[in-house]
Amino acid sequence: MQSSIKDSTLNSMQFRAVIVMIAVLVLPAVALAGSPAKLALTGARIITVSGDDIRNGTVLIENGKITAVGRDVSVPYDAMEVDCSGKVLFPGMIDPHSARGLDVANESRDVTPYVDVYDAIDPSRVYFEESLRRGVTSVHVMVSNNCVVGGKSRVVRPIGRTPDDMTVRAEVGLKLSTSPKGGYDRMLQLQSLRSTFSELDHYLERVAERRYEEKLKEDDKPLTVGPEEARKRGKELVRDEDLDDTHRALDGLRKGRLSAWIHAGSAMDVRPAVDIATKQGFLDDSVFVIGVDTVRAIGELKAAKRPIVVPVDMVRRNRDPITGDVTEEFVPAALHAAGLTFALQPSPNSSMAERFLNYQAARCVRHGIPRRVALKSITLNPANMLGLGDQLGSIEVGKIANIVVFSADPLDFNAKIEQVFIDGILAYERSRDPRIQDLLPKPKVEALAPTEESTEEGAKSESEGDADGKKSEAKSSETPPKGDGTPNAPAGGGSGQ
Amino acid sequence: MSFRTTLTRGCVASLVALMLTAPLAATEPSAEGTKLAFLVGKVVTMDDQDRVINNAVVLVEGHQIVGIGKAKSTPIPDGYRVVERKNLWLVPGMVDCHDHIAGGLGDLNDMVYLTNPGLRTVDTLVPENANIKRARAGGVTTVLLIPGSGTNMSGFGTICRLAGDSVEEMVVKETGSLKIAQAGNPERYWYGVGRTFMNYNTRQTLEAAQTYHETWEAFEKGETTEKPDMNPIYEGFRGLFRRDFVVSVHTQGYQVLMTTVLMLAKEFNLRTVLDHCTFDAWKVAPVVLKDPSIYTINGPRQFQFDRTQRKMMGNAARWWQGGVQKLGINTDAPVVPQEELSFQAAMACYYGWKPYEALKGVTRVPAEALMVDDVIGTIEVGKDAEFVLWTGDPLDPRSACEMTIIRGKIAYDASERREF
């Protein structure tokens, strides 16, 4: 079985892993080497998310895209093989909504659709490195909720030296909020929202009128109609480049170029959110970003049928004002019962297990949500919300090869993220992660290779023997958990910070 | 003030030409003082061959160097006053790309808007102020006077020599630079701004200026016959887009410096001088290297504790390791006193950089960065006589500056009166 081709595969993969680890951890963005032309991940259980699981299956990756998935996939002679037997392949997870890659969560101004997170994405943020370590392969970088209309968002991968390197898709959506921004009350908030769009109408009319007159001038025809009629006739003539940045973005919401991510932080903010989205014609392209309290408006949410970004806490606690009794409601369960699709978010708190999206999904299962729904809520659902359902979120032919290699089922408490592939590039390898060295089994190079060998040989024997790796891992799991006692701690708890 | 009106009439270019080429009669000393021969122990030329000449003579006539050679083989012609300091080093005068002390410190920031195109520091120069005198007693001969970083765009800088009783005598090049503060201070403007807004806004201003320049260029090339309106706010930017002078950028940290390179050097094709370049900015080196015209001027903070790696990092050393060779050092005086530029270079070496490269980083490199290397920065025949006599290596804190020569005149002589 262990042919020499296989060995060279591992070595070249290790080399790539070193490059990328240096890229991510030491120099946050050494130019990422292109992905190997063909790559075969073999022998693993594949959780496709979109369809049934495949036992002992193979995923073939060509030029960063998945070209074959199944049990009977024959590995082309020129593909580099990665033996994943005993492992579980899972689609790269997606952080549906985060401002943590930015310098500030929001600008202080209320209406800023003209700005773009491109100008503030910091590839050197530890957040991106941590995301990668936790199996997140796509991040939707979006301004936070403290705004009326926020700037343009983009989907990035957590590797790359510049925002250009990182970008998967630019200009994805705009944040709108019906909950008041800091210093605003609800009246002012909603008035600002309304006037933003009524001003857009006036602006578009003026541009339409101007365009109609320009057209007449071009055609050498006299102006024979009043301004009212000119505005109507000019409407069709307005091109995107005729609009300024602010109005192009706002108009993009109506035209479906940008999706609306509407923050409704409490129950009373849902109706205005639905109203404004309906009135402006972008309800079908909107996503609701809710707070735990918002779930009280479950009837309105259900009627709106919009996908939902679940708050990090996920649990609504209701204290009886007289008895002090606390009742808890699990927000995703209520959403699921109402037939809504949703996406989960990881916690920014680095000492909580909730920082893992797969842990968040496991909590959903605990609260009675079917496994398939829970898994979708960290992969395919956010991909669809971002309009990238055809590229991300599942292990399917034609999709981008963003794949996480788990040591066990992703919802298993002790599953570890061993490798992460992004665009077919081995972007992360647990055994090479310098931040969690203390958690890893110590290399037993002396024991394995008593004779002096070249360093290359040493490196090979270190990770060649999966069996040995497993053995020592099993040993280490017998010892009591360290530090904060977080058992599922591939990222090493406090040592990651 | 006639100088100002001249400028506002837009005759900057001709004025600069005058400054650079024609020796000003008013500044010329009497005939016998113009010929000086410096007999010294060592000349660090900083020329292309990196020549260091021991026991050498440097001949100066008027404001220029006219001869360099071994003392043995270079006869001193008649009429030269000999300055014999055979135990001293003769080193090019130090140049600082980031200075605020040549002007009135009260004029540091005019924080009217978040970007303030049209302001210029030449209006704030204060010749022969106390800080200038201290600076040249520390071996600094030329600085780029720039406005502060309170706003994203705070005005045009002036390259000036640290001697002369008038603005005209001081100016080496005006306009010397456009100062942009990419981030890391302008955030405090008004209610506070973030990087999405600041970069959007800075880009808007530059685009307006670029459009102005392109409109005029089209007219001058005869592509249009419609003469554009003259706008004094944007007129000064024309040289910037022609790459006649640089944009000097207050920038530090990974994301900010990356944005400087992507926006200013790449998007707007400006000749870019990166100032500060501190914190973890050195990690951007591979992006910086893509544009060979970029100069990286590090300081005044010379080290950083890298929290991700739990290590002390020498900033300059890391830039150098990353392959950035157009690397210099600045003070941001008065953040670090202007006269301590050599000490900043010494600190860069303490944290891992190379002494000779660091000395180059405060002499030749900044002169090149500011595009005045045709007149200063090295000891070569034909260049301005701007050099300093030191008791030893300028980067050695034990060494003292004994004499400073600026444009052929002895501007400081410690044997007459030691400044500090």
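Because the structure is a prediction, the values reported are computed rather than measured. Per chain, numbering begins at 1; letters A, B, ... match sequence-line order.
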Self-check item: Y191(B)/E107(A) under side chain to side chain contact (heavy atoms under 4.5 Å, CB included): CA gap, chis, key distance, verdict
Solution: CA-CA 10 Å; Y191(B) 286 110; E107(A) 291 292 343; over 6 Å; no
Are [X] and [Y] close enough that some pair of their side-chain heavy atoms sits under 4.5 Å apart?
X       : Y       : result
Q204(B) : D245(A) : yes
L262(B) : T162(A) : yes
Y200(B) : T112(A) : no

Counting only heavy atoms not in [X], do more than 12 fall under 6.0 Å of its [atom1]?
X       : atom1 : answer
Y350(B) : OH    : no
R188(B) : CZ    : no
R109(A) : CZ    : no
E226(B) : CD    : no
F303(B) : CZ    : no
N349(A) : CG    : yes
R301(B) : CZ    : no
Y113(B) : OH    : no

Self-check item: Contacting region of I121(A) [heavy-atom separation from chain B under 4.5 Å]
Solution: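 Contact with chain B involves the backbone of I121(A) alone.
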Quiz item: Checking heavy atoms, do the side chain of N106(A), its backbone, both or neither come under 4.5 Å from chain B?
Solution: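 No part of N106(A) comes within 4.5 Å of chain B.
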Quiz prompt | Shortest non-hydrogen contact from D280(B) toward S124(A) | solution =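 For D280(B) and S124(A), the tightest heavy-atom pair comes out as OD2-OG, 3.6 Å.
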Quiz item: Between A120(A) and T196(B), what is the shortest heavy-atom contact and its length?
Solution: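 Between these two residues, the closest heavy atoms are CB-CG2, 3.6 Å.
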Within this structure, what is the [atom1]-[atom2] distance for the pair [X] and [Y], rounded to the nearest 0.5 Å?
X       : Y       : atom1 : atom2 : answer
D116(A) : R203(B) : CG    : CZ    : 8.0 Å
Y118(A) : T259(B) : OH    : OG1   : 7.5 Å
M258(B) : D165(A) : CE    : CG    : 9.5 Å

Quiz prompt | Polar side-chain atom of Y254(B) near backbone of R161(A) as donor-acceptor pair, under 3.5 Å | solution =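 At least one qualifying donor-acceptor pair exists.
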Quiz item: Within the side chain of D119(A), is there an N or O that forms a donor-acceptor pair under 3.5 Å with the backbone of N199(B)?
Solution: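 It does not hold such a pair.
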